[in-house]
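Working notes, beginning with the structure itself.
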Protein chains: 2
Amino acid sequence: MTEDAYEVVATELRAAIDAGDYAPGQQLPSGPKLAERFGVHRGTVYRALEALATEGYVTLEKRRPAIVRERPRERMVVRDRVVYRDEIGYFFDQNAKTWRPVKPPTHRIAPPPNHVADTLGTARGENVLIRERIMAPPGAKRGLQLAISYLPLWLVAELPVIGGSNTGPGGIYDRIEEHFDQPIRWHETIVGRGPTSVEQDALTVPASGVVLVVTRAAQVEREDEELTVEINETSMPAEQFAVSYAVTRDESAAWPREADADES
Amino acid sequence: MTEDAYEVVATELRAAIDAGDYAPGQQLPSGPKLAERFGVHRGTVYRALEALATEGYVTLEKRRPAIVRERPRERMVVRDRVVYRDEIGYFFDQNAKTWRPVKPPTHRIAPPPNHVADTLGTARGENVLIRERIMAPPGAKRGLQLAISYLPLWLVAELPVIGGSNTGPGGIYDRIEEHFDQPIRWHETIVGRGPTSVEQDALTVPASGVVLVVTRAAQVEREDEELTVEINETSMPAEQFAVSYAVTRDESAAWPREADADES
DNA sequence: TAGTGGTCTAGACCACGGC
DNA sequence: CCGTGGTCTAGACCACTAT
């Protein structure tokens, strides 16, 4: 079925890790040594390690042997589809509440990616305000989430405070709700894909890695029109995160079931 | 910043696709031709195409030149955190309602992956009932979702009908709710990772590709204990799917905000 | 300074698709 | 049949780490 050499290597290493031959946190043998042991070329070993990394078994750091993940395939849960609020403002992730920016957030004016322009309702290539920041848990050296926020310039014109560095208590969302005098409605979309080069740098993800991207669109109404006032794209290394939530029942799925009640 | 040859190639091809130089649905030039045009080795071109594929720009089919995706970076939305019901039973995905199995579903008894055993509450290596099926939209030739369902054997012993091929109207969920006389509660977790070899075969995803995996756990209560009665893992090619839902407000995020009301 | 990871080239092989 | 994609080996280079 699968005879490919790199898969044989991957399968063998996976089994060894599951069996505890290599302790979590420890390094695997170096590339050349594994190549010799399996009798394959070093490049083939590297393909196998790439596969193990995207499955969450090992972490690849530059110029260091592969490291066995603490708890293979276990991930941090980051979203639960609910928005909370504390004295500082809204937050969408209970865990990330204490996280801090790795370096000062940036903001600039430039055109967003096409798919962002499409949902923002601006023309492709048209400038928007882009705020970017890299977040990490206290004590961590690596950035774990790259958050990019896109704001249409017509909104910045109406509400100049959101264009500055200090957006006041509660941040831009509070300013927007005050301005429109209504609650914001959010919608999230989750996607998995290979990392852009920006993400590779910010999150130290290898080119062969995977990122999970949560795209959050903020909407308000004005004169019966639906306006998208912000888009926030948060990307994170896929091996380290999972998105989790409880499933709620549509009316059609109410319990006890109608069929049961009617039955007789 | 990024001088790597394969990224240069990827960036150039991405720009060409965005600019419309290659129409959606059309093939890109062959590997050797691109290699000559960019003055790099064919292997380098291949790395670039892998990257474009995981970003959703192109589709790689075996032994055929890369094909430009119909609408680059656009994905089918499959879940919205709500469960519905029709005359047949529960369903979790409005789009997939009309999908059919590519071949007859299988069922067998074997140990599940460790992480499934852990949430099912069975010992690692202990046998469970595994049902597997590959779903595709009507008319499609490729499987688009691989759904694997894990059921603990103690439940099969109590409720033998769920071990058979024909589980009756409404399927196993209806049988379970009847048996426990209470509604099932579901919980979903979303993860992105590289494909297993089973997924590579079932979904025709290349080894370098990415899959989105939605793991749904079904729980009931008995004697104040929480029992996990089933785990369903549905994996799909990440470039073709997105998970999407509306964000709901926690009490702490009610609107109008208390601060506004108190303020004065 | 020796070893390593990450990338790249050159050349090879095989299975398969289109002609 | 030739061309293609996917994989593999051999050998090279560079930036970096550990010593």
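In what follows, chains carry the letters A, B, and so on, assigned in the order in which the sequence lines appear, proteins first and then strands, with residues in each chain numbered from 1. These values consider heavy atoms only, across backbone and side chains, with no hydrogens, waters or symmetry-generated copies.
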**Message:** Run A:Thr44 and A:Arg47 through side-chain contact (heavy atoms from CB on, under 4.5 Å) and show every step you take.
**Reply:** CA-CA 5 Å; A:Thr44 306; A:Arg47 289 288 269 202; 5.6 Å; no
N/O contacts under 3.5 Å, protein versus nucleotides 16-19 of chain D?
none

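- Heavy-atom contacts from other residues, nucleotides or ligands closer than 6.0 Å to CZ of B:Arg133 number 12 or fewer.
- Expressed to the nearest 0.5 Å, how far CG of B:Asn232 lies from CD1 of B:Ile172 amounts to 8.0 Å.
- A salt bridge links B:Arg193 with B:Glu199: at least one charged nitrogen is closer than 4.0 Å to a carboxylate oxygen.
- Across D:dC8, C:dG5, C:dT7, the shortest atom-to-atom separation from the side chain of B:Tyr6 is found for C:dT7.
- The separation between B:Leu60 atom CG and D:dT4 atom P is 16 Å, rounded to whole Å.
- For DNA chain C, the residues of residues 33-51 of chain A within the heavy-atom distance limit of 4.0 Å (strictly under) are A:Lys33, A:Arg42, A:Tyr46, sorted by number.
- Taking CG of B:Leu146 as the reference point, atom CG of B:Leu203 lies at 5.5 Å (rounded to 0.5 Å).
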Anything under 3.5 Å between a donor and an acceptor, one on a side chain of residues 106-113 of chain B, the other on a protein residue two or more places apart or in another chain? List them.
residue  : atom : partner  : partner atom : Å
B:Arg108 : NH1  : B:Glu132 : OE1          : 2.8

**Request:** Assess whether side-chain contact (heavy atoms from CB on, under 4.5 Å) is satisfied between A:Ile17 and A:Val58, documenting all intermediate values.
**Result:** CA-CA 9 Å; A:Ile17 292 172; A:Val58 302; 3.9 Å; yes
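- Contact check, B:Ser30 against D:dG3: no side-chain N or O comes under 4.0 Å of OP1 or OP2.
- Enclosure of atom CD in A:Glu36 is not indicated, since only 12 or fewer non-hydrogen atoms of other residues, nucleotides or ligands lie within 6.0 angstrom.
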